[in-house]
Amino acid sequence: MSIQLEREVRTATTVEHGARLTSAEVANLWTQYTNDTIAICFVTHALVHAKDSEVRSILEYALDLSRTHTEAVRAFLEKEQYTVPIGFTEEDVINPNAPALFSDDFLLNYFFVMSLLGMSSYAGALTSSARQDQREYFTRCNGESMELFNRIVDVMVRKGLYVRPAILHAPQSVDFVQKQSYLAGWFGKERPLNAIEISSVFYNMIKIELKTALEMAFSQVVQSDDIRAYMQRGVKLCQSQYQALERRLAEDDLPPPRKWESEVTNATTPAFSDKLMLFHVVTLISASAAFYGAGLSVSQRRDLAVQYAKLIAEMGLFAEDGVNLLIAKGWMEQPPGAIARDALLEAKR
């Protein structure tokens, strides 16, 4: 652990008059620990097969960050006498030498999206933290995620893998909305998508496409029939949602992001446990619903807002089925929660 991390952990219960971790701060640490243990497993196997030197450098940097974060979170929680979550361990990499599931190019895109999710998560953790050591820690995590993102984008641009959103013609003057019809989208002529809506649709498509390829790959290697069926259902749902958003761009002659399914190999030997693969997909489903919500909040065309609401509902139902699978198999760790007062009283009777 770095000297800076040791200093932060050492002062965790002495700064600010011994302030204890809030529920929000515990949630931030718990979530980060679980996600980083997934990342450690994923990257460890990816490094066995990655050949491109630039890709390997990014993977090694990402692995180092995840290991450092898990050490820091463990120290924070233990100092506060919280049980550290199990998360995912070496036991979840059931076959380290299993054939690669993805190409090096796909791994770049995978970590591009993961760094986007990381920056969003760390920003949320920072804004919901009160204790100084927690704010300092997540500020640094956000900076590290930004550094990872910039390294990935630089490599993707050099390799011609980065697909930019549509270029718009610059307006010659400032315009103001004159009519309520600007909000229309159910009846009459629809106006073209504006820049904010285009950006939202484009980046939501990037995220949903990653999940499509991930579910396709995992469906090839999972050992449980019910989880395989769930992954295959996810592929169809994501493809349907991608196509729905793609039609929105096509209506205005705008290009979609590239698809990545062709970068999934024909491997059928699992490297990871079914538990890890299912949990990873369910986590991404929840993130997809959240980003759809962000898209809905900035959509100024009624029909687009309604479509986002439909996509959120579909993802919500799919996520619930995934959580039910995790529970049925005994794989769903319960985060710390409020005291069940009724149960305590019942036990007294």
Side-chain angles (χ1 to χ4, degrees), residues 26-46 66 70 73-74 77 82-102 110 113-114 117 121 207-208 210-239 241 264-265 267-290 312-338 340 343:
V26 172
N28 296 334
L29 295 170
W30 177 281
T31 302
Q32 187 194 34
Y33 187 89
T34 303
N35 290 340
D36 272 311
T37 55
I38 291 177
I40 290 170
C41 294
F42 190 92
V43 179
T44 299
H45 179 256
S66 291
T70 54
V73 172
R74 176 179 291 277
L77 292 176
Y82 276 94
T83 301
V84 178
I86 295 172
F88 298 88
T89 67
E90 293 178 354
E91 294 181 1
D92 291 294
V93 185
I94 60 176
N95 188 350
N97 296 314
L101 264 178
F102 310 103
Y110 173 88
V113 175
M114 289 300 107
L117 299 179
S121 176
K207 292 159 190 166
I208 204 69
L210 173 78
K211 198 165 75 63
T212 306
L214 207 62
E215 288 166 337
M216 179 179 290
F218 287 168
S219 70
Q220 295 175 187
V221 297
V222 293
Q223 300 176 80
S224 302
D225 291 338
D226 50 355
I227 298 178
R228 180 177 300 104
Y230 182 76
M231 296 291 180
Q232 291 172 333
R233 177 182 157 204
V235 171
K236 292 179 181 178
L237 175 61
C238 290
Q239 288 175 337
Q241 293 195 345
V264 176
T265 72
T268 57
T269 303
F272 310 114
S273 67
D274 284 7
K275 171 189 170 184
L276 184 148
M277 290 185 280
L278 178 59
F279 191 94
H280 194 12
V281 165
V282 171
T283 301
L284 290 178
I285 294 166
S286 300
S288 297
I312 292 169
E314 291 174 347
M315 277 296 181
L317 290 173
F318 186 57
E320 183 179 352
D321 289 345
V323 170
N324 286 334
L325 263 177
L326 287 168
I327 293 172
K329 293 181 178 296
W331 295 339
M332 188 74 178
E333 276 194 83
Q334 183 173 315

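What you see is a predicted model; the values in this text were computed from it and never measured.
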Sorted by chain and number, sequence neighbours left out, side chain to side chain donor-acceptor pair (under 3.5 Å) with Thr37 holds for none
Can you pull out every salt bridge (Lys or Arg N to Asp or Glu O under 4.0 Å) where at least one residue sits in residues 221-232? Sequence neighbours excluded, please. Asp225-Arg228, Asp226-Lys329
Could you give the distance from OG (Ser288) to CD1 (Ile285), rounded to the nearest 0.5 Å? 7.5 Å
Closest heavy-atom pair and its distance - Ile86, Thr89: O-CG2, 4.0 Å
Shortest non-hydrogen contact from Gln232 to Ser219? CG-CB, 4.0 Å
To the nearest 0.5 angstrom, please state how far the SG atom of Cys238 sits from the CE atom of Met231. 11.0 Å
Quick one: pull up CG in Leu237 and CZ in Phe318 and give me the separation to the nearest 0.5 Å. 6.0 Å
Contact summary for Ala100 and His45, nearest pair of heavy atoms: CA-CE1, 4.3 Å
If the condition is side chain to side chain donor-acceptor pair (under 3.5 Å), which residues does Gln241 pass it with, not counting sequence neighbours? Tyr292, Glu314
Sub-4.5 Å side-chain heavy-atom contact between Thr31 and Pro335: no
Met315 side chain reached by Ile208 side chain, heavy atoms, under 4.5 Å: yes
So which heavy atom on Thr83 is nearest to which on Trp30, and how close? O-CZ3, 4.1 Å
Tell me, do Gln220 and Leu101 make a side-chain contact under 4.5 Å, heavy atoms counted? yes
If you look only at distance, which donor and acceptor atoms sit under 3.5 Å apart when one is on a side chain in residues 269-280 and the other is two or more places apart or in another chain?
from	atom 1	to	atom 2	distance (Å)
Ser273	OG	Asp92	OD1	2.7
Ser273	OG	Leu276	N	3.1
Asp274	OD1	Gln223	N	3.1
Asp274	OD2	Gln223	N	3.2
Asp274	OD2	Ser224	N	2.8
Asp274	OD2	Ser224	OG	2.8
His280	NE2	Tyr110	OH	2.7

Quick check on Glu333: does its CD atom have over 12 non-hydrogen neighbours (other residues, nucleotides or ligands) under 6.0 Å away? yes
Among residues at least two apart in sequence or on other chains, which ones pass side chain to side chain donor-acceptor pair (under 3.5 Å) with Gln239? none
Please name the pair of heavy atoms, one in Val235 and one in Thr212, separated by the smallest distance, quoted to 0.1 Å. CG2-O, 3.9 Å
Note, Leu214 side chain near Phe102 side chain (heavy atom, < 4.5 Å): yes
Which atom pairs, donor and acceptor, lie under 3.5 Å between side-chain atoms of residues 319-328 and protein residues at least two apart or in another chain?
from	atom 1	to	atom 2	distance (Å)
Asp321	OD2	Arg233	NH1	2.8
Asp321	OD2	Arg233	NH2	2.8
Asn324	ND2	Glu320	O	3.3

On a heavy-atom basis, the closest approach of Leu284 and Met114 is CD2-CE, 3.4 Å
With a 3.5 Å distance limit and no angle check, can you tell me whether Gln32 reaches the backbone of Ser121 through a side-chain donor-acceptor pair? no
